[in-house]
> 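Can you read through this structure? Questions will come right after.
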Number of protein chains: 2
Amino acid sequence: MQNNINKLFKAIADPTRREIFHALVIATSALSITQISNQFDMSRQGVTKHIKILNDAGLVQMSEQGRNRFCYADPKPLKEVNKWMQFYSQFWDDSLNNLDNYLNANKNA
Amino acid sequence: MQNNINKLFKAIADPTRREIFHALVIATSALSITQISNQFDMSRQGVTKHIKILNDAGLVQMSEQGRNRFCYADPKPLKEVNKWMQFYSQFWDDSLNNLDNYLNANKNA
DNA sequence: TAATTTAGCAACCATATAGTTGCGTATAAA
DNA sequence: TTTATACGCAACTATATGGTTGCTAAATTA
């Protein structure tokens, strides 16, 4: 359906998912779905859906223990996003990259 | 409706928008809507919508000249995404950040 | 054994998203 | 002046998304 980088960008596009991810990153232990839900003003099922998307993107890993499913963050896939951005970082402070120059190059359009 | 960082993450979440943005970044001149459309298998209106979202996120700037609207990329807002990621980068290669450690910390859950 | 807790699954809902077509209008070219 | 081009606006469509509730089953606790 979708390749990894697409899943990744989609996963971090939602603010609630970024919050859940953040909560897991700063947590000192893996958290169960219920534990995560308690931190958010949302039903357990809502959280479960977000967790699934984060898991599909590789940003959250799971470990089943009895009736619990402990979740923990794995930020490694973000390296891919970082790689994507690195290409554009060369233009961040590029003063050539401004209106005048672009438009001058476009005189005969 | 949405703050800047949310607009930004949403804007880059769509693969077509990332392609349009990329095309503008590597273009040697600003491109009109029609010129961009010609590079994609999509209607002009479809491209216009994507451009609007990129523009709202600050990733694309516009300059009207007669009947043309020239678009050029502005990667600066991506700095914000980079800032977001920097926090998590400290955990990328953190060997403590693995299943066993998390679960050990969770023994009495 | 009975009650409680954790969580999955399915159905449902409202809204957002990604795309289209048709049409009108301003600008530029013949 | 007529024709062609670039573009915005509006309406429409299909599907994705973010959320809910209700139910069932498995695991744990009393």
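So you know, we letter chains A, B, ... as the sequences are listed, proteins then strands, and number each from 1. Computed from a predicted model, the values in this text were never measured in an experiment.
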> Would one find a side-chain N or O of Ser32(B) under 4.0 angstrom from OP1 or OP2 of dA6(D)?
no

> Of the nucleotides dG18(D), dC7(D), dA18(C), which has the atom closest to the His50(A) side chain?
dG18(D)

> Of the candidate nucleotides dT21(C), dA10(C), dA18(C), which contains the atom at the shortest distance from the side chain of Ser43(B)?
dT21(C)

> For the pair made of CZ in Phe9(B) and P in dT17(D), what is the distance, rounded to whole Å?
18 Å

> Give the rounded distance in Å between these two atoms: CZ of Phe70(A) and P of dT6(C).
10 Å

> Measure the distance from CG on Leu31(B) to C1' on dA6(D) and round it to the nearest whole Å.
14 Å

> Let me know the distance between NZ of Lys52(B) and P of dA18(C), rounded to the nearest Å.
13 Å

> Return yes if some donor-acceptor pair links the side-chain N/O of Arg44(A) with the main-chain N/O of Ser37(A) below 3.5 Å, else return no.
no

> CD of Gln35(A) versus P of dT6(C): gap in Å, rounded?
8 Å

> From dT21(D), dG18(D), dA18(C), pick the nucleotide closest to the side chain of Ile53(B)?
dA18(C)

> With no hydrogens and no angle check, is any side-chain donor or acceptor of Gln90(B) less than 3.5 Å from a backbone partner on Phe87(B)?
yes

> Is the phosphate of dG19(D) approached by Thr16(A) (side-chain N or O, under 4.0 Å from OP1 or OP2)?
yes

> Return the nearest nucleotide to the side chain of Gln45(A); candidates are dG19(C), dA11(C), dC9(C).
dC9(C)

> Quick check: do Gln39(A) and Val47(A) have side-chain heavy atoms less than 4.5 Å from each other?
no

> Does a nitrogen or oxygen in the side chain of Arg17(A) sit under 4.0 Å from OP1 or OP2 of dG18(D)?
yes

> I want to check one thing: is the phosphate of dA7(C), taken as OP1 and OP2, less than 4.0 Å away from some side-chain N or O of Thr34(A)?
yes

> Base, sugar-phosphate, or nothing: which does Gly66(B) touch, judged by heavy atoms less than 4.0 Å apart?
sugar-phosphate

> Between P on dA16(D) and NZ on Lys7(A), what's the gap in Å once rounded to a whole number?
14 Å

> Could you work out which one of dT20(C), dA7(C), dG18(D) sits closest to the side chain of Met42(B)?
dT20(C)

> Between the main-chain N or O of Ile12(A) and the side-chain N or O of Arg18(A), is there a donor-acceptor pair closer than 3.5 Å?
yes

> Side chain of Lys10(B) only, heavy atoms from C-beta on: which candidate in dA18(C), dG19(D), dG18(D) is closest?
dG18(D)

> Rounded off to whole Å, could you give me the CG-to-C1' distance for the Asn68(B) and dA28(C) pair?
10 Å

> For Asp14(B) and dA18(C), what is the distance between atoms CG and P respectively, to the nearest whole Å?
5 Å

> For the rings on Phe21(B) and His50(B), is their centre-to-centre separation under 6.0 Å?
no

> Ile33(B) or Lys49(A): which one's nearest nucleotide on DNA chain D is closer to the 5' end?
Ile33(B)

> Within the side chain of Asp14(A), is there an N or O that forms a donor-acceptor pair under 3.5 Å with the backbone of Thr16(A)?
yes

> When you measure from the side chain of Arg67(B), which nucleotide among dA28(C), dT28(D), dA7(C) comes out closest?
dA28(C)

